[in-house]
Amino acid sequence: MDYEKELLELWEKEGRHIARRTGDKKYFITAAFPYPNSPQHIGHARTYTIADVMARFYRLIGYSVLFPMGFHVTGTPIVAMADRIKEGDRELFDIFEKIYGIPREKYEKLTDPKDLVMFFAREIEDGMRRMGFMIDWSRKFYTFDPYFERFIQWQMKKLYDKGYLIKGKHPIPFSPKLNSSVGAHDTKGDVDPEIEEYVGVLFESEFGYLVAATLRPETIYGITNIWVRSDESYLVIELDNKTRIVVGKKAWERLKYQFQNYKEIESLEGRVLIGKRVKVPLLNVYVPVYHGDIVKAEEGTGIVMSVPGHSLFDNYEYSKISCSYPIIIAVDGKLSDASVHIPKDIKNLDEANREFYRKEFISGFHIPLNTTVKEARETTKANLFKSGSAIKIYSIANGPIYSRAGDEVVVKVIDNQWFIDYSNRDWKEQTKQLLNSMKIIPEDFRTRFENTIDWLDRKACTRTRGLGTRFLFDQSQIVESLSDSTIYMAFYLLTPYLNSFRPDQLDESFFDYIFYGKGEPINDAHRAMRDEFLYWYGVDSRHSGVDLIANHLTFYLFNHAAIFDKEYWPKAIVTNGSVLMDGKKMSKSLGNIIPLKRAIEKYGADTIRMAVVANSDIKSDTNFSENISKGIRERLEEIIKLFSEPHIGSDIDDWLRYRFFSKIASIPDMYRNYEIKKVVDTMFYEFYNDLQWAIKRGLRGVPRDIVRYWNIAMFPVIPFTTDMIHRKLFGISVYDEKFELNIAQRNYHPEDLFREIVQDLETLRNSRSFSKVRIGIAKPWKFEVYKLLSDKTSIADIIAKYPEAKELIAKLKNRAYTISFPYQYDEVYEYLRRNLDWLSNYMKIDIQIGEERQKYALPDKPEFIVE
RNA sequence: GCAGGGGUAGCCAAGUCUGGUCAAAGGCGCCAGGCUUAAGACCUGGUCCCGUUGUGGGUUCGUGGGUUCAAAUCCCACCCCCUGCACCA
């Protein structure tokens with residue numbers, strides 16, 4: 001696709017992608033900026049291409065369009081990746097080499113996160129340029145930029161002033177060896193650690209409180225005893241200089257990270273605990289401590305509360321001692337007894353237990369509290385904490401997980417964690433107001449936004465490591481990456497002017513002036529920033545993947561509602577599904593990732609654009625495959641060929657024009673509704689069919705007005721091909737065209753009817769061979785009836801006028817209600833007569849026309865009498 | 001568990017908001033014909049069942065009910081599948 005590269009240079013030279021302010025109508029469009037930790041693959045292309053199509057469309061209908069792009073480098077994955085390169089991680093190298101084809105000498109130097117960022121950012125930018133995206137690169141920035149840091153600090157200050165920033169405790173996955181929090185990218189096998197919260201129930205004993213961790217605190221009402229291991233060691237720990245707890249020594253190795261202030265007092269042998277009696281909270285009864293083989297010293301706290309009635313494990317163990325125990329839960333009106341569910345093969349105990357838990361949780365009734373199990377759990381939990389008889393215990397639910405450094409990931413609780421308080425009711429209310437004022441594409445997802453606004457709770461907004469902005473109220477921490485990317489779209493409006501300032505000049509009043517108009521500008525650049533903001537802001541269309549609704553996009557709404565005045569609120573959010581590769585999800589392990597650059601080289605940018613944007617509806621996943629791309633490529637080449645042939649007028653031009661212009665009239669609305677697939681179906685596929693018919697009917701070259709408008713209509717989707725044709729045929733670029741339609745068009749053309757008749761005739765010929773046919777046109781009164789039906793005349797009236805129409809209408813059945821038939825008898829007759837020679841020739845048979853002889857003909861279905 | 005999306009012919013996939021032109025677009029696959037020495041590519045036609053000299057009949061859009069002159073489309077109930085649930089980009 002050589003012309004694509006040539007055009008890129010031309011566009012660059014002509015400055016086609018610089019955003020210019022040309023009038024009052026503006027369109028500010030943004031797509032989620034990329035995170036440069038690897039090259040792009042075709043999956044990334046979809047969102048940007050949709051955004052680009054919209055940017056180009058609005059430019060075509062006369063808007064000033066701004067479509068900027070930057071790079072999000074905040075967070076830990078890039079840092080982790082740089083570390084992995086330093087460590088010589090084989091797995092990572094394989095991905096670089098086998099999937100992306102990056103030679104070793106290029107990536108192995110990228111051990112500094114900043115170098116890594118710059119390398120991949122350049123790769124990505126290249127790819128985006130090559131795709132033809134109309135991005136104004138003069139506004140590019142990186143989120144580790146000191147100016148951007150000041151901007152985010154301003155944002156945090158505003159949130160703080162409104163009371164939306166709060167501080168508290170928070171559990172995180174943690175690697176003691178790395179001495180750092182871990183995300184999926186820091187683990188062996190890229191596992192995302194999930195944290196599970198247990199209730200650690202405190203049982204008073206002579207040594208301190210024995211802590212038993214449970215997910216089912218409500219079963220405490222059925223407790224019989226406590227399990228420990230007589231062959232393991234236990235520790236007495238003093239928390240916060242007051243509470244003494246007892247936990248397993250091995251368990252404590254993991255648990256200790258969950259406490260800030262503790263002292264190890266003494267070590268106990270498990271057998272010392274056996275036979276002691278401990279006090280059960282809430283019930284205020286005493287139960288004994290027994291040895292249990294089912295207890296695993298390193299799991300939980302190494303101490304288990306025994307509820308034989310409602311745990312298969314406990315039941316199994318307890319049955320060695322006694323078979324009498326309380327049952328406190330009923331399912332379907334019957335007492336639920338764990339012993340009934342013990343499987344024959346004891347290996348299946350775990351699975352059976354899970355099933356049993358589930359059943360009791362969903363449909364169980366808690367007898368002592370006289371309520372459902374679900375409710376009893378909440379009540380019991382609340383009461384335990386209220387009475388100080390429980391502490392929170394966390395564990396890795398999908399563990400064990402090992403960090404890059406090889407140690408096991410544990411849960412650490414940090415107590416100086418800052419949160420953005422998305423649980424704030426007033427804030428939620430205001431965000432909903434914002435949502436209500438917006439267009440959501442596709443509209444089906446509006447409820448998802450509503451629900452997310454409701455469910456969102458406090459969001460931890462700082463991290464201890466990674467690239468990014470230092471947190472304003474604790475400079476040792478970094479603003480977490482989903483929290484520093486909620487209003488960055490406004491920053492694009494400042495970037496061209498930043499070099500007139502030092503970062504430290506960007507204080508609170510600096511931004512207050514730009515975004516609120518408070519105070520006076522310090523210089524012209526400052527004034528220009530305010531001006532840019534006033535002109536562009538209020539993002540007209542924000543593009544992103546469907547998967548970001550539950551976090552980024554909703555944070556985006558919250559923060560805009562909090563920070564900006566109503567006039568500057570976003571106008572629309574557009575989300576799209578992802579790209580599948582031959583029907584499968586792209587993944588590193590499947591190795592089915594196609595790097596964008598390689599795909600462009602093979603098929604050309606226009607083909608890829610079309611493949612990712614026009615193959616399915618915006619909200620569903622779209623499929624990419626070699627076949628699809630090849631098909632598009634070939635069709636494109638065919639169109640180029642057809643359009644290049646010189647046009648010599650013919651009778652069919654008129655019909656083709658009518659078909660084309662009646663189609664194109666609806667194109668702008670399709671774009672406005674983001675129905676890009678429909679645009680392509682109409683212009684590319686349907687029109688192509690018409691073209692094929694016209695060629696059969698003697699078309700010689702495509703009329704130039706059609707080519708011109710086709711180029712304009714398709715330019716947003718396939719800018720290279722259309723601009724190439726345009727420059728060649730008309731000597732101007734499509735960029736200089738306007739999508740304006742003031743062409744008077746007809747509503748119908750007898751050729752349409754003629755085409756149908758020919759097709760019917762062909763069908764007939766396929767089932768039978770004959771050499772002569774007489775076409776009998778329906779009698780004129782039938783045309784009259786069709787017209788009356790088209791005018792929605794009541795059927796009774798029609799029959800009153802034409803009694804013989806009764807049979808005809810009966811035959812039409814439901815169609816009678818919807819018929820729309822504009823043709824007159826004479827018109828049809830005349831048209832057929834005029835095209836008789838062509839038809840005879842085409843069908844290679846002898847054809848005559850006349851009035852119908854039998855009574856079966858309809859105005860749109862003449863009778864055929866064959867010989 | 002909570003929330004969201006979805007079940008359409010051999011497969012993929014439109015249509016559902018705004019009921020009728022829907023036996024249901026388009027693509028793939030398959031079949032026949034054309035082109036070709038031939039294969040591929042391409043072009044034409046066919047592809048639910050029956051009938052057949054075309055405009056005919058029957059049965060379909062997860063299942064079962066309902067509303068309507070008319071339902072893939074509206075209402076109710078049920079069954080099944082997929083995705084997200086956070087501090088991570």
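Chain naming here is simple, since letters A, B, ... match the order of the sequence lines and numbering starts at 1 in each.
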Tell me the partner of [N], counting only Watson-Crick (N1-N3 plus N6-O4 or O6-N4) or G-U wobble (N1-O2 and O6-N3) with both under 3.5 Å; none if nothing fits.
N: B:rC42; value: B:rG34
N: B:rG4; value: B:rC82
N: B:rC11; value: B:rG27

Would you mind reading off the distance between [X] atom [atom1] and [N] atom [atom2], rounded to a whole angstrom?
X: A:Met81; N: B:rA89; atom1: CE; atom2: P; result: 13 Å
X: A:Phe555; N: B:rC85; atom1: CZ; atom2: C1'; result: 12 Å
X: A:Leu553; N: B:rA86; atom1: CG; atom2: C1'; result: 15 Å

What is the nucleic acid contact for [X], judged by heavy atoms within less than 4.0 Å: base, sugar-phosphate only, or nothing?
X: A:Pro173; value: sugar-phosphate
X: A:His170; value: base
X: A:Ile172; value: nothing
X: A:Asn551; value: base
X: A:Thr76; value: sugar-phosphate
X: A:Thr74; value: sugar-phosphate

Lys/Arg N to Asp/Glu carboxylate O, [X] vs [Y], below 4.0 Å:
X: A:Asp669; Y: A:Arg672; result: yes
X: A:Lys663; Y: A:Asp690; result: yes
X: A:Arg446; Y: A:Glu443; result: yes
X: A:Arg633; Y: A:Glu637; result: yes
X: A:Glu218; Y: A:Arg377; result: yes

For this session: Sequence neighbours left out, what passes side chain to side chain contact (heavy atoms under 4.5 Å, CB included) with A:Ser666? Give chain and number order.
Result: A:Met670
Exercise. Hey, does the side chain of A:Arg463 come within less than 4.0 Å of B:rA89's phosphate (OP1/OP2), counting only N and O?
Worked result: yes
Exercise. Just to confirm, is there a sub-4.0 Å distance from OP1 or OP2 of B:rG84 to any side-chain nitrogen or oxygen of A:Thr452?
Worked result: no
Exercise. Would you say the side-chain atoms of A:Thr554 pair up with the backbone N or O of A:Ala550, donor to acceptor, closer than 3.5 Å?
Worked result: no
With the side chain of [X] defined as its heavy atoms from C-beta on, choose the nearest nucleotide among [options].
X: A:Phe445; options: B:rC87, B:rA89, B:rG5; result: B:rG5
X: A:Leu482; options: B:rC88, B:rA86, B:rG4; result: B:rC88
X: A:Asp444; options: B:rA3, B:rG6, B:rC88; result: B:rG6
X: A:Trp455; options: B:rA86, B:rG4, B:rA3; result: B:rA3

Please enumerate all protein N or O atoms sitting under 3.5 Å from an N or O of nucleotides 11-17 of chain B, with distances to 0.1 Å.
none

Exercise. Of all residues at least two apart in sequence or in a different chain, which pass the ring-ring contact (aromatic ring centres under 6.0 Å, His included) check with A:Phe555?
Worked result: A:Tyr422
Exercise. Between A:Ala460 and A:Thr447, who's closer to the 5' end of RNA chain B by nearest nucleotide?
Worked result: A:Thr447
Exercise. For A:Arg448 and A:Phe419, take the nucleotide of RNA chain B holding the closest heavy atom to each; which residue's nucleotide lies nearer the 5' end?
Worked result: A:Arg448
